[in-house]
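Have a look at the structure below, then the notes.
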Amino acid sequence: MALTLQKQTVNIALDQGCTFEKVIYAQNSAGGNVTISTGTCAAKMRQSTYSGNNIHSFSTSISGSNVTISMTATNTANIAAGQYAYDVEYTQSDGTTVERVCQGIITVSPESTK
């Protein structure tokens with residue numbers, strides 16, 4: 001049975017060449033936090049919402065209602081400055097039920113110290 005998550009829009013700023021970590025709270029339609037006890041999350045970044053080209057897959061972890069997406073400084077350094085679309089999806093332990101936790105725009109700021 002699906003957790004019935006409420007999809008959120010969360011826009012993110014990411015600095016090129018820096019370690020990145022963002023915690024997103026899984027929520028229900030009433031805005032309350034939802035504990036995720038089984039299943040997995042995946043997060044991907046694309047050139048645009050309609051692009052089939054995956055720019056980067058984030059590392060993800062789940063703890064209670066906290067879904068953390070992260071990327072190493074080496075990985076952020078390899079992403080061109082600009083705006084990208086991303087989403088985080090939760091797949092239940094049945095392997096077929098998928099719900100979107102959040103989506104949004106990531107703005108990558110250029111590294112100016114190089």
Side-chain angles (χ1 to χ4, degrees):
M1 185 172 108
L3 287 177
T4 315
L5 299 176
Q6 175 68 34
K7 177 181 65 180
Q8 304 168 64
T9 298
V10 179
N11 295 324
I12 296 172
L14 186 150
D15 296 323
Q16 214 177 38
C18 294
T19 301
F20 170 78
E21 182 175 282
K22 175 72 176 171
V23 177
I24 298 153
Y25 304 99
Q27 295 183 338
N28 61 23
S29 60
N33 291 351
V34 175
T35 299
I36 299 174
S37 57
T38 62
T40 60
C41 280
K44 293 185 179 180
M45 181 174 165
R46 298 184 184 273
Q47 190 67 40
S48 73
T49 304
Y50 304 104
S51 173
N53 185 21
N54 182 31
I55 300 294
H56 186 76
S57 294
F58 293 89
S59 297
T60 60
S61 65
I62 304 169
S63 177
S65 63
N66 300 342
V67 177
T68 303
I69 62 173
S70 60
M71 196 182 308
T72 66
T74 301
N75 288 335
T76 64
N78 291 324
I79 299 172
Q83 287 192 327
Y84 300 89
Y86 85 99
D87 63 19
V88 179
E89 292 184 332
Y90 163 65
T91 303
Q92 293 214 6
S93 57
D94 66 10
T96 58
T97 305
V98 179
E99 296 182 82
R100 187 161 295 171
V101 177
C102 72
Q103 64 185 25
I105 302 297
I106 293 182
T107 303
V108 179
S109 299
E111 186 174 15
S112 59
T113 56
K114 284 191 172 184

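What's counted below: heavy atoms across the whole structure, side chains too, no hydrogens, waters or symmetry copies. None of these values were measured; they are calculated from a predicted model.
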Distance col, row Gln27:CD vs Cys102:SG, nearest 0.5 angstrom, shows 10.0 Å
So OG of Ser57 and NZ of Lys44: to nearest 0.5 Å the spacing works out to 5.0 Å
Output for pair (Asn75 CG, Ile55 CD1), nearest 0.5 Å, gives 12.5 Å
Taking side chain as C-beta onward, heavy atoms only, is Ile69 less than 4.5 Å from Ile12? yes
Quiz item: Is a side-chain donor or acceptor of Ser93 paired with a backbone partner of Thr38 at a separation under 3.5 angstrom?
Solution: no
Are Val88 and Ile105 linked, directly or through intermediate hydrophobic residues, by side-chain heavy-atom contacts shorter than 4.5 Å (ILVMFWY only)?
no
- prompt: Okay, side chain of Asn28, backbone of Val34: is any donor-acceptor separation there less than 3.5 Å?
  reply: no
Item checked: Any donor-acceptor N/O pair, Gln8 side chain to Tyr25 backbone, under 3.5 Å -> yes
message = I'd like to know if the side chain of Glu99 and the backbone of Leu5 have a donor-acceptor N/O pair within less than 3.5 Å.
response = yes
Under a 3.5 Å distance rule, please check whether Ser63 uses its side chain to pair with a backbone N or O of Asn66 as donor and acceptor. no
Is any side-chain heavy atom of Val98 closer than 4.5 Å to one of Glu89? yes
In terms of heavy-atom contacts, Gly39 and Tyr90 come closest through CA-CE1, 4.0 Å
Quick check: does any side chain N or O of Glu111 sit under 3.5 Å from a backbone N or O of Asp15, one acting as donor and the other as acceptor?
no
Minimal heavy-atom distance between Gln16 and Ile79, with the atoms involved, is NE2-O, 2.6 Å
Nearest heavy-atom contact between Ser109 and Ala81 is C-CB, 4.4 Å
All heavy atoms of Ala85 vs all of Ser48, minimum pair found to be CB-C, 3.7 Å
One pair to check against side-chain contact (heavy atoms from CB on, under 4.5 Å): Leu14 and Tyr84. What are the steps and the verdict? CA-CA 11 Å; Leu14 186 150; Tyr84 300 89; over 6 Å; no
To the nearest 0.5 Å, atom CD of Gln92 lies from atom OG of Ser37 at 9.0 Å
- request: Kindly say whether Gly17 contributes a backbone atom to a donor-acceptor pair with the side chain of Thr76 at under 3.5 angstrom?
  value: yes
Which is it for Arg46 and Asn54 under the side-chain contact (heavy atoms from CB on, under 4.5 Å) test, yes or no, and what are the steps along the way? CA-CA 5 Å; Arg46 298 184 184 273; Asn54 182 31; 4.2 Å; yes
Can you tell me how the ring of Phe58 sits relative to the ring of Tyr86, calling it parallel under 30°, perpendicular over 60° and tilted otherwise?
perpendicular
| message | Hydrophobic clusters here meaning ILVMFWY residues chained together by side-chain heavy-atom distances under 4.5 Å, can you tell me if Ile36 and Val10 are in one? | response | yes
